[in-house]
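Have a look at the structure below, then the notes.
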Amino acid sequence: MLSLRVTFLFVACNILLRLKRLESINLSGNNFHKSIISCLTALPSLKILDLSLSSSLGSYFPVQAYASFRYLEVLDLSYNSFVGSAPSPIQALSSLRALSFTYNKLNASLPDHGLCELKNLIELDLSYNMMHGSLPQCFNNLSSLKLLGVSSNQFSGILVPSLIANLTSLEYIDFSHNTFKGSFSFSSFSNHSKLEVIRFLSNNENFEVETKEPIGWIPMFQLQILKLSNCNMKMPPGLLLHQHKLRRIDMSQNSLEGQFPNWLIKNNINLELLNLTHNFFGSMPLYRNANMRWLDMPGNHMIGIIPDSIPRFFPNMLHLNLYMNALSGVISSSIGELSKLWILDLSGNELSGEVPKGLFTNIPRLGFLKLSRNKLHGEVLSGNLRWGNIQGVYLDSNHFTGEIGIKSK
Ligand SMILES: *[C@@H]1O[C@H](CO)[C@@H](O)[C@H](O)[C@H]1NC(C)=O
Ligand SMILES: *[C@@H]1O[C@H](CO)[C@@H](O)[C@H](O)[C@H]1NC(C)=O
Ligand SMILES: *[C@@H]1O[C@H](CO)[C@@H](O)[C@H](O)[C@H]1NC(C)=O
Ligand SMILES: *[C@@H]1O[C@H](CO)[C@@H](O)[C@H](O)[C@H]1NC(C)=O
Ligand SMILES: *[C@@H]1O[C@H](CO)[C@@H](O)[C@H](O)[C@H]1NC(C)=O
Ligand SMILES: *[C@@H]1O[C@H](CO)[C@@H](O)[C@H](O)[C@H]1NC(C)=O
């Protein structure tokens with residue numbers, strides 16, 4: 001059996017070897033035996049190799065193989081079962097521009113040498129592994145990097161400025177879901193002019209993002225996406241004062257309080273998503289923006305009535321979540337003017353009175369209506385329901401009465 005397979009591989013390897021000019025091969029999503037890797041090392045011109053989603057490649061990328069892929073520019077090893085780390089022989093891949101190990105089982109720390117010697121790297125993605133230890137200081141040497149992804153690992157330590165100060169080509173950085181500690185200052189990105197995406201979804205209490213930048217510091221970049229979830233922030237970071245191209249902002253699970261700073265919406269006319277889940281805001285954003293589609297504000301400290309000007313400010317809202325605040329009074333009939341709504345969650349408040357008719361007749365694409373745990377009353381389901389798309393209706397714990405169907409008068 002064994003010899004048969006070896007013979008087959010030998011033949012197959014010989015066939016591959018004839019492809020002297022092959023520059024790109026995509027073997028993603030197959031079950032090739034791991035010996036295919038050594039076979040591929042014999043291809044002299046190979047520049048792009050995609051071995052992602054290959055269930056039979058085993059636990060280790062053969063170390064000898066690194067030395068042979070001298071001209072390789074793209075190596076995609078994502079969605080495999082590799083363990084260990086990116087060992088130092090990887091530095092032999094000196095032409096490499098993009099390397100992905102996402103969704104593997106890498107479980108060691110990163111060595112001080114190896115990866116950092118890959119000076120041409122533009123994309124490095126190590127996210128969704130189990131790597132630990134601190135990020136090596138030599139990361140700062142990867143000065144061509146545009147994308148750096150280390151999210152969803154167990155990396156620890158402090159993110160000191162010297163780790164990224166020289167990575168001035170960075171456009172996308174994702175540090176989310178690790179166990180970093182200490183505080184991080186955006187002024188580490190002082191010389192970065194191309195940053196567009198910063199993702200910091202923290203899942204531990206020992207990490208914080210500094211909200212006060214050094215006096216006079218003005219960022220050179222214009223972000224499109226900023227995610228700072230659970231970053232121990234008591235106020236929006238000062239950096240936001242200088243941003244005008246943001247499309248998505250997530251500042252959920254912080255301790256932001258007081259009135260929502262409407263200048264954030266005024267300054268960023270392309271803003272479409274604002275996630276303020278679990279903060280202490282006392283009011284919702286109100287500033288006209290037709291691009292705004294998604295507002296998440298569950299678990300804040302909003303009191304008083306739901307502003308009836310929402311449709312005027314956000315006419316194209318798809319998703320409005322005000323769950324678990326302390327909103328009271330009747331639901332303004334203007335809510336029915338949010339004609340694009342798909343999800344409306346007003347549950348867990350102190351709303352009273354009847355539900356405005358418009359919610360049943362004016363919103364053709366309404367998919368989810370959540371009104372649970374309020375003090376609403378009325379014959380809520382007995383009117384004319386024009387809910388072509390409805391998937392979930394939550395009316396529990398209110399004082400609703402009546403029957404289902406059109407009431408005969
Ligand atoms: C290889 O094929 C997969 C699946 O069709 C595709 O998603 C991937 O982008 C391809 N890889 C490269 C490097 O083009
Ligand atoms: C990584 O996982 C492999 C396979 O489970 C195990 O043999 C190895 O000891 C682990 N290495 C570390 C550094 O935890
Ligand atoms: C970083 O690059 C400099 C200059 O290229 C080199 O002298 C130094 O050894 C490198 N540091 C690391 C840790 O690789
Ligand atoms: C940043 O790069 C410059 C020039 O390449 C080098 O002199 C300096 O030591 C680097 N800084 C750090 C903190 O690595
Ligand atoms: C930014 O670049 C300037 C000039 O090269 C340098 O003096 C300064 O230390 C850099 N800032 C950071 C935070 O690395
Ligand atoms: C908003 O933040 C909460 C809490 O961090 C999270 O569970 C939710 O998925 C976020 N919503 C979006 C649309 O990102």
Side-chain angles (χ1 to χ4, degrees), residues 102-103 123-129 135 145-155 158-159 163-164 167 170-189 192 194-213 219 221-257 260-261 263-265 267-281 285 289 291-300 318-319 321:
T102 69
Y103 290 99
E123 294 186 10
L124 175 60
D125 201 343
L126 301 171
S127 46
Y128 296 96
N129 281 284
L135 297 176
L145 271 191
K146 292 184 177 171
L147 179 150
L148 176 59
V150 298
S151 68
S152 299
N153 277 284
Q154 288 146 26
F155 286 120
I158 299 174
L159 290 168
L163 203 55
I164 43 181
L167 307 184
L170 274 182
E171 295 170 9
Y172 179 110
I173 188 155
D174 191 350
F175 283 129
S176 303
H177 302 307
N178 281 287
T179 50
F180 296 120
K181 60 179 187 194
S183 71
F184 175 82
S185 167
F186 286 112
S187 61
S188 303
F189 295 124
H192 299 55
K194 299 182 179 146
L195 265 179
E196 291 178 353
V197 180
I198 298 179
R199 293 172 52 99
F200 255 127
L201 298 119
S202 166
N203 49 9
N204 78 86
E205 299 305 316
N206 305 322
F207 174 77
E208 73 174 328
V209 159
E210 281 175 28
T211 49
K212 287 199 174 112
E213 282 92 35
F221 50 82
Q222 287 293 330
L223 297 174
Q224 295 187 18
I225 298 179
L226 179 62
K227 304 220 169 197
L228 299 172
S229 180
N230 196 13
C231 289
N232 273 311
M233 298 190 301
K234 296 196 173 54
M235 59 169 92
L239 143 119
L240 283 174
L241 286 165
H242 307 283
Q243 300 301 310
H244 296 274
K245 292 196 172 158
L246 280 162
R247 289 189 293 110
R248 295 169 173 227
I249 302 176
D250 182 343
M251 297 194 289
S252 61
Q253 305 194 62
N254 284 290
S255 312
L256 309 176
E257 56 181 16
F260 176 83
W263 52 258
L264 198 52
I265 301 190
N267 287 354
N268 295 280
I269 54 167
N270 295 320
L271 196 64
E272 54 194 43
L273 182 149
L274 190 51
N275 191 347
L276 305 171
T277 301
H278 290 299
N279 278 287
F280 307 126
F281 279 119
N289 181 331
N291 289 309
M292 191 74 156
R293 296 205 166 37
W294 194 292
L295 177 63
D296 261 328
M297 288 193 81
N300 275 270
L318 287 182
H319 171 116
N321 185 348

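Side-chain N/O atoms of Ser229 and Ser252 include a donor and acceptor closer than 3.5 Å. The closest side-chain donor-acceptor pair between Asp296 and His319 falls under 3.5 angstrom. Of the N and O atoms on the side chains of Ser187 and Glu213, not one donor lies less than 3.5 Å from an acceptor on the other residue.
No donor-acceptor pair under 3.5 Å is formed between the side chain of His177 and the backbone N or O of Asn203. Proximity of a side-chain donor or acceptor of Ser152 to a complementary backbone N or O of Ser127 within less than 3.5 Å is not detected. Within the 3.5 Å criterion, the main-chain N or O of Asn291 finds a donor-acceptor partner in the side chain of Asn289. Between the side chain of Asn230 and the main chain of Asn254, no donor-acceptor pair closer than 3.5 Å is present. Counting only distance, with no hydrogens or angles, the side chain of Gln222 and the backbone of His244 share a donor-acceptor pair below 3.5 Å. Checked by atom type and distance alone, the side chain of Asn178 pairs as donor or acceptor with a backbone atom of Phe155 at under 3.5 Å.
Annotation: Leu241, atom CG; neighbour count of heavy atoms from other residues, nucleotides and ligands within 6.0 Å is above 12.
Aromatic ring orientation, Phe180 versus Phe207: tilted (interplanar angle from 30° to 60°). The aromatic rings of Phe189 and Phe221 sit perpendicular, their planes meeting at an angle over 60°, well past the 30° parallel limit.
Two residues are said to be in side-chain contact when any heavy atoms from C-beta on lie closer than 4.5 Å; Asn268 and Gln243 meet this criterion. Contact of the Leu159 side chain with the Leu135 side chain is registered, since non-hydrogen atoms from C-beta on lie closer than 4.5 Å.
Between Glu257 and Lys234 no salt bridge is recorded (no basic side-chain N to carboxylate O distance below 4.0 Å).
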